[in-house]
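The structure under discussion appears below in the form of structure tokens.
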There are 2 protein chains.
Amino acid sequence: MSTVFKALSDPTRRRVLELLRERPMTAGELAAEFDVSKPTMSAHFTVLKDANLVDATKDGKSVIYRIKLSVLEDALLGFAAAFGLCSTSDTEKEETG
Amino acid sequence: MSTVFKALSDPTRRRVLELLRERPMTAGELAAEFDVSKPTMSAHFTVLKDANLVDATKDGKSVIYRIKLSVLEDALLGFAAAFGLCSTSDTEKEETG
DNA sequence: TCGTCAATTAGCTAATCGTCTAATCATGAG
DNA sequence: CTCATGATTAGACGATTAGCTAATTGACGA
């Protein structure tokens with residue numbers, strides 16, 4: 001949980017996720033969208049991988065990154081539901097204490 | 001946005017929010033729930049205040065903290081909605097498109 | 001086997017974070 | 001005013017973070 005929020009706390013990484021929401025992209029394609037060096041982007045990818053928010057698969061010389069929406073959903077909506085902020089079908093509960 | 005996610009990235013601060021979800025509490029009451037020093041807790045409160053996730057009001061010698069659910073909701077659900085994970089503005093309704 | 005390209009690792013720096021103790025501020029009681 | 005209490009500020013310290021350049025790895029094509 002901490003790793004997810006930590007990953008989301010950086011604007012660059014949030015933007016990466018938004019880009020991946022459109023379609024899977026290679027590390028190079030993603031890096032081209034930002035003003036920082038490729039090694040820096042690689043570090044961001046590692047943070048996202050550690051948070052289990054993206055999936056990396058090798059394709060020839062490239063690495064294709066895909067967003068894992070279910071993990072993002074679990075973290076965000078699960079946490080929100082704990083505060084009664086969202087009704088995720090089965091996650092609604094009544095804290096009687 | 002970054003400040004909110006950064007605030008949520010620490011387990012102590014998430015727990016503070018969960019406690020405040022039950023009822024408003026003073027800094028001392030909150031600090032008593034954790035194993036860290038009061039100045040450390042005060043620093044956590046500052047992070048939460050900077051993220052606009054809590055509100056602090058002075059009451060005599062004490063300071064009462066209250067959660068600002070609407071801000072948490074805005075950040076979490078707003079971001080989730082950007083990924084099609086939750087309905088945009090109707091928390092009652094199902095997906096409207 | 002080489003050379004090239006995509007990506008990551010290695011090594012470094014500056015800044016930020018979480019934590020502590022000690023000191024300070026602010027309020028209410030005597 | 002003086003003291004005690006609740007809370008924050010000041011200052012320090014180790015760990016982590018985001019960033020860079022340079023070097024390395026891994027997968028092609030010639």
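Treat the numbers as computed from the prediction; the structure is a model and nothing was measured. Quick note: numbers below take in every heavy atom, side chains included, and nothing from hydrogens, waters or symmetry partners. Residue numbering restarts at 1 for every chain, and letters A, B, ... go by the order of the sequence lines.
Here A:Arg21 pairs with nothing under the salt bridge (charged side-chain N to carboxylate O under 4.0 Å, His left out) rule; sequence neighbours left out. A:Thr3 is linked by a side-chain contact (heavy atoms from CB on, under 4.5 Å) to A:Ala51, counting only residues two or more places apart in sequence or in another chain. For B:Asp10, the side-chain contact (heavy atoms from CB on, under 4.5 Å) partners are B:Thr12, B:Arg13, B:His44, not counting sequence neighbours.
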N/O donor to acceptor pairs below 3.5 angstrom from side-chain atoms of residues 61-70 of chain B, sequence neighbours left out:
| unit_1 | atom_1 | unit_2 | atom_2 | d |
| --- | --- | --- | --- | --- |
| B:Arg66 | NH1 | B:Thr57 | OG1 | 3.0 |
| B:Lys68 | NZ | B:Asn52 | OD1 | 2.7 |

Hey, can you pull the donor-acceptor pairs under 3.5 Å for the side chains in residues 29-37 of chain B, sequence neighbours left out?
| unit_1 | atom_1 | unit_2 | atom_2 | d |
| --- | --- | --- | --- | --- |
| B:Glu29 | OE1 | B:Thr26 | N | 2.9 |
| B:Ser37 | OG | B:Thr40 | N | 3.3 |
| B:Ser37 | OG | B:Thr40 | OG1 | 3.0 |

Query raised in the report: Once each nucleotide of nucleotides 1-8 of chain C is scored for protein heavy atoms under 4.0 Å, what B/S/- sequence comes out, 5' to 3'?
Result: ----BSSB
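One atom, CG of B:Asp35, and another, C1' of C:dG18, lie 15 Å apart when rounded to the nearest Å. In this structure, CG of B:Leu48 is placed 16 Å from P of D:dA7, rounded to the nearest angstrom.
Proximity of a side-chain donor or acceptor of B:Ser42 to a complementary backbone N or O of B:Pro39 within less than 3.5 Å is not detected.
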N/O-N/O pairs, protein side and nucleotides 16-19 of chain D side, under 3.5 Å:
| unit_1 | atom_1 | unit_2 | atom_2 | d |
| --- | --- | --- | --- | --- |
| D:dA18 | OP1 | A:Arg13 | NH1 | 3.2 |
| D:dA18 | OP1 | A:Arg13 | NH2 | 2.8 |
| D:dA18 | OP2 | A:Arg13 | NH1 | 3.4 |
| D:dG19 | OP2 | A:His44 | NE2 | 2.4 |

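Applying the salt bridge (Lys or Arg N to Asp or Glu O under 4.0 Å) definition to pairs two or more places apart or across chains, none involves residues 39-60 of chain B. Annotation: ring pair (Phe, Tyr, Trp, His ring centres under 6.0 Å) contacts involving residues 12-33 of chain A, sequence neighbours excluded, are absent.
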